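Each remark here refers to the structure printed beneath this line.
If you read the sequence from its start, that first residue is 1, and numbering goes on from there. In this text, all values refer to a predicted model and were calculated from it rather than measured experimentally.
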Amino acid sequence: MNNSKKKKIIIISIIASIVVITGLGLIFLLNSKDDEPQAETTEAPVATVNDASSGVADATTEEETTEAEIKKDLHAPEVEIKEDGYNRYTLTWDKQDSDSYKIFRKEKTLDSENSDWKEVGTVEKEESFSTGRLEPFSQYAFQVRMTAGSKTYESEELSIETAESPLYATVWTTRDMAVYESADGDSQIGSAPVLSAFSVLGEENGRFLVRTNDGEGYIDSNYCMINLPEYIGELCRYDITNSYSSIYCAHNYAIPSVTGTVVTGYEHVLLDDDTFVVPLLYPTAKKLIAGAKSARDGGYVIKINDSFRPYVATRYIYDETSKCLDYITPGYEYSRISLADYRAGVSTGTIGLAGLTKYVPEIVYASEGDTVGTETIDPNVMTYNRAMLSDSYDLGAFLAAKGSTHNLGVAMDMTLETIDGTELDMQSHMHDLSYHSVMASNNSNANLLKNYMVPAGFGMISSEWWHFQDNDSKSTLGLSSVSNGVSIEGWKKNDIGWRYRKANGEYFVNCTEEINGRRYDFDKDGYTER
């Protein structure tokens, strides 16, 4: 080997040694930096915190670290609400790692303040909740509260304002009616006699789904009366005075055997919980909503004093009133009592014809010995005839003898109240059967009521400022007069099941009863298998 080759080998060996030494040095330096303290800007490792400890973080396993990462992402549930029909809604929210969800609700009617939150349900490992049927024309707020460990997360409030709903409302047939197998067919499964009471299970194609003794079937909704408090709730107020102490008067004078009485046909209208049964033909009830909403928008509430009036009541009031026309009115005016007074046993102030004096006009003879004289009526003597008719009207102007639109279920007697319940002054009292009540004497408040109801599709009669009737339904449907009064007695459905309601509004509970030939066992809440 020559000298030049030896030099090249030596140089290559030196270079290789330098590279090895340099690499080992770099490795040493890098390893030594791992042992140095970390800079303050370096991200700290994840650790769980024990809420019950002093706040010192424990060392965490990989499993605990994963759980902590999940928990730190929890947040208030994001809730959406969907309407399912008939004032029923479903709440849904985003899925999270939560132990349970609690549903809270507060509600108010259009007349009252919000109530406190009330727990209405608990959901385990689910992300939805059904509200069930809510009351018509009421306002509700819902909130979902999520529990995760020791922490609770509250969603935002969701507000709902409900509308009318026939679901579960009581309806009565106004004639003998066919019960159809389907909502749009002609095949019948049975029939329902006039004034049959049903609980509405659904509505389709102008028919109500109901359960009869022959099974579930459909009846024509156009010929059904519906109970207004169940259908529209507190959109209107109700005081059916004929059911506890009638306020029919002859310009403030009690009418014998009528004023202060429970009028024939109204025996089952006042329920034991002091609510009223208020039947109105279904097409007419739908029209009423527009007028009642207009009144609400104006800051008032329509109060209904009468709706469906059976023919037996119409005839009774007319016959009893006609008997007293020639009698002298009492020496005092009638003082109306409230429902609370009635419940407290306050006298209703009824009078009978036997307690009155019949007026006999003086006979004036032209000359002594005449056998035929002229009746002279003393203008200072107030008879019922004079108090009511003022020699200008006949009784038929104020009372129907042969039939009334009330007998068809398409008429209402109503007035206006403020939101706080103060009744507006009209030119006469409600059910003042006298010339003081005619529309020609309307004051501004009576005209205000008229301006709410007439645009909603209602007609009036000239002798009563309080009377509004659905002339369209009267003329197009061929309605029949209904003779007898209604009763709410019958099977009643709700979201839970079936109960049987008695005529006074109470339910059978903790008992066995035979109904239509079959025995039923009712539990402590009144429910039974049907």
With sequence neighbours left out, what residues match S473 under side-chain contact (heavy atoms from CB on, under 4.5 Å)? L281, P283, T284, V410, D470, L477
Applying side-chain contact (heavy atoms from CB on, under 4.5 Å), can you list everything that pairs with E417, at least two apart in sequence or on another chain? R237, K303, E423
Mark yes or no: R207 above the aromatic ring of Y180, with NZ or CZ under 6.0 Å from the six-membered ring centre and no more than 45 degrees from the axis. yes
Please tell me whether N471 and Q469 have a donor and an acceptor in their side chains that are separated by less than 3.5 angstrom. yes
Residues two or more places apart in sequence or in another chain: which of them pass side-chain contact (heavy atoms from CB on, under 4.5 Å) with D391? none
E230/R501 salt bridge by N-O under 4.0 Å criterion: yes
With sequence neighbours left out, what residues match F398 under ring-ring contact (aromatic ring centres under 6.0 Å, His included)? Y393
State, without any angle test, whether Y86 and E203 hold a side-chain donor-acceptor pair at a distance under 3.5 Å. no
T314 and side-chain hydrogen bond (donor to acceptor under 3.5 Å, both in side chains): which single residue from D319, N407, T264 fits? N407
Show which side-chain atoms of residues 352-359 pair as donor or acceptor with protein atoms under 3.5 Å away, not counting sequence neighbours.
residue, atom, partner, partner atom, Å
Y359, OH, D378, N, 2.8

Using a 3.5 Å cut-off and no angle test, enumerate the donor-acceptor pairs between side-chain atoms of residues 513-522 and protein atoms at least two apart in sequence or in another chain.
residue, atom, partner, partner atom, Å
N516, ND2, N213, OD1, 3.4
D521, OD1, T512, OG1, 2.6

Salt bridge present between R336 and D239 (N-O < 4.0 angstrom): yes
